[in-house]
Amino acid sequence: LALYFARAGVSVIAADTDEKKVNLIKRGICPLNTDLLVRLFDQIIHSNNSLQVTSNTVEAVKSSDIHIICVSTPLDSDKLPDLGALTAACKAVGRGLKKGDLVILESTVYPGVTTKVVKPVLEKLSGLKAGDGFGLAYCFERIDPGNPVHRLDNIEKIISAIDERSAEAAIAI
């Protein structure tokens with residue numbers, strides 16, 4: 001997702017808690033394992049400076065206005081979604097969130113997670129209210145990263161949001 005935005009000329013700050021991945025990217029080495037994404041990575045890294053990477057999510061959020069959360073939601077031992085990575089990401093985003101920012105959840109989660117898990121964490125840690133203080137939308141991932149047929153640039157996105165203003169902003173993105 002970060003690569004596609006960077007290719008479009010958008011200034012992107014990708015944040016990841018995996019220091020090894022962050023350091024590889026900073027050294028110009030693609031941590032992805034598909035030909036399509038490796039080629040796109042090489043194109044972005046060698047052609048412009050629109051992609052930055054950091055392990056400091058809070059600072060990345062403070063330096064930007066649009067925040068797309070896309071973390072894995074694996075199944076736990078009881079075959080239930082493990083929302084630990086999502087909750088941790090929301091805490092970091094919440095600590096850096098500013099009035100007027102837009103948060104888009106792109107992780108694949110079950111219905112209700114945006115309003116029952118993400119929203120309360122963001123509101124508590126930012127001191128802002130969703131809708132009035134910041135926008136909040138959900139746009140689940142519909143691609144298989146690296147699939148040459150079904151790519152991010154040719155798949156329709158489905159977007160929902162907590163209010164019309166958040167929806168319009170997410171659609172524009």
Side-chain angles (χ1 to χ4, degrees), residues 1-77 79-93 96 101-111 113-114 117-118 136-161 167 169-173:
L1 188 60
L3 292 174
Y4 276 93
F5 275 112
R7 183 177 73 177
V10 176
S11 180
V12 176
I13 305 171
D16 198 305
T17 57
D18 185 337
E19 289 281 350
K20 185 177 178 183
K21 256 188 221 174
V22 169
N23 288 330
L24 284 172
I25 294 168
K26 285 181 177 180
R27 292 185 0 237
I29 301 169
C30 183
L32 307 169
N33 59 1
T34 62
D35 290 340
L36 176 70
L37 294 176
V38 169
R39 283 193 308 272
L40 183 56
F41 176 87
D42 289 341
Q43 175 189 354
I44 297 304
I45 291 299
H46 299 347
S47 67
N48 63 46
N49 292 326
S50 60
L51 177 64
Q52 299 174 48
V53 64
T54 183
S55 58
N56 190 332
T57 302
V58 176
E59 288 304 313
V61 171
K62 288 179 179 179
S63 299
S64 55
D65 303 317
I66 300 164
H67 321 290
I68 301 175
I69 300 173
C70 42
V71 296
S72 62
T73 50
L75 298 179
D76 65 17
S77 59
K79 306 277 190 229
L80 298 171
D82 178 352
L83 301 179
L86 175 61
T87 302
C90 289
K91 287 178 179 178
V93 170
D101 285 2
L102 172 65
V103 178
I104 302 172
L105 174 61
E106 187 147 335
S107 298
T108 302
V109 294
Y110 54 88
V113 168
T114 305
V117 176
V118 174
L136 181 59
Y138 176 60
C139 179
F140 65 93
E141 183 177 56
R142 298 188 64 224
I143 63 164
D144 177 13
N147 183 318
V149 177
H150 304 291
R151 303 176 315 272
L152 185 62
D153 59 351
N154 71 359
I155 295 291
E156 293 290 325
K157 301 290 270 177
I158 298 172
I159 298 171
S160 63
I171 289 167
I173 301 305

Exercise for the section: Assess whether side-chain contact (heavy atoms from CB on, under 4.5 Å) is satisfied between Val117 and Cys90, documenting all intermediate values. Expected result: CA-CA 9 Å; Val117 176; Cys90 289; 5.9 Å; no

Exercise for the section: Before giving the answer on side-chain contact (heavy atoms from CB on, under 4.5 Å), spell out for Leu40 and Tyr4 the whole-Å C-alpha distance, their side-chain angles and the decisive distance to 0.1 Å. Expected result: CA-CA 8 Å; Leu40 183 56; Tyr4 276 93; 3.9 Å; yes

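- Judged by distance alone, with hydrogens and angles left aside, the side-chain atoms of Thr73 form a donor-acceptor pair with the main-chain N or O of Thr108 at under 3.5 Å.
- Note that the CD atom of Gln52 and the CD1 atom of Ile25 stand 12.5 Å from one another [nearest 0.5 Å].
- For the pair Val12/Leu1, no side-chain contact is recorded, criterion being any heavy-atom separation below 4.5 Å from C-beta on.
- Contact between Val53 and Lys26 at its shortest, heavy atoms only, is O-CE, 3.3 Å.
- Thr57 places no side-chain N or O within donor-acceptor distance of the main-chain N or O of Val93, the cut-off being under 3.5 Å.
- Atom-to-atom distance recorded for Leu3:CG and Ile45:CD1 is 7.5 Å, nearest 0.5 angstrom.
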Exercise for the section: Any chance you could lay out the side-chain contact (heavy atoms from CB on, under 4.5 Å) test for Tyr110 and Leu80, step after step, and finish with the verdict? Expected result: CA-CA 10 Å; Tyr110 54 88; Leu80 298 171; over 6 Å; no

Practice task
Would you sort out whether Val118 and Tyr138 count as a side-chain contact (heavy atoms from CB on, under 4.5 Å), showing the intermediate values?
Solution key: CA-CA 10 Å; Val118 174; Tyr138 176 60; over 6 Å; no

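- The OG atom of Ser160 sits 9.0 Å away from atom CZ of Phe140, with the distance rounded to the nearest 0.5 Å.
- Contact record, Val61 with Asp101: O-OD2, 4.3 Å, taken as the closest heavy-atom pair.
- The minimum heavy-atom distance linking Asp16 with Val22 is given by the pair O-CG2, 3.5 Å.
- The CD1 atom of Ile66 sits 6.0 Å away from atom CG of Leu102, with the distance rounded to the nearest 0.5 Å.
- Of all non-hydrogen atoms in Phe41 and Gly28, the two that sit nearest each other are CE2-O, 3.5 Å.
- Here the closest non-hydrogen pair linking Asn56 and Glu59 is OD1-N, 3.0 Å.
- The distance from the CD1 atom of Ile44 to the CG atom of Leu51 is 7.5 Å, given to the nearest 0.5 Å.
- Closest non-hydrogen pair, Ile159 versus Cys139, comes out as CG1-SG, 3.8 Å.
- In this structure, NZ on Lys21 lies 13.0 Å from OG on Ser55, to the nearest 0.5 angstrom.
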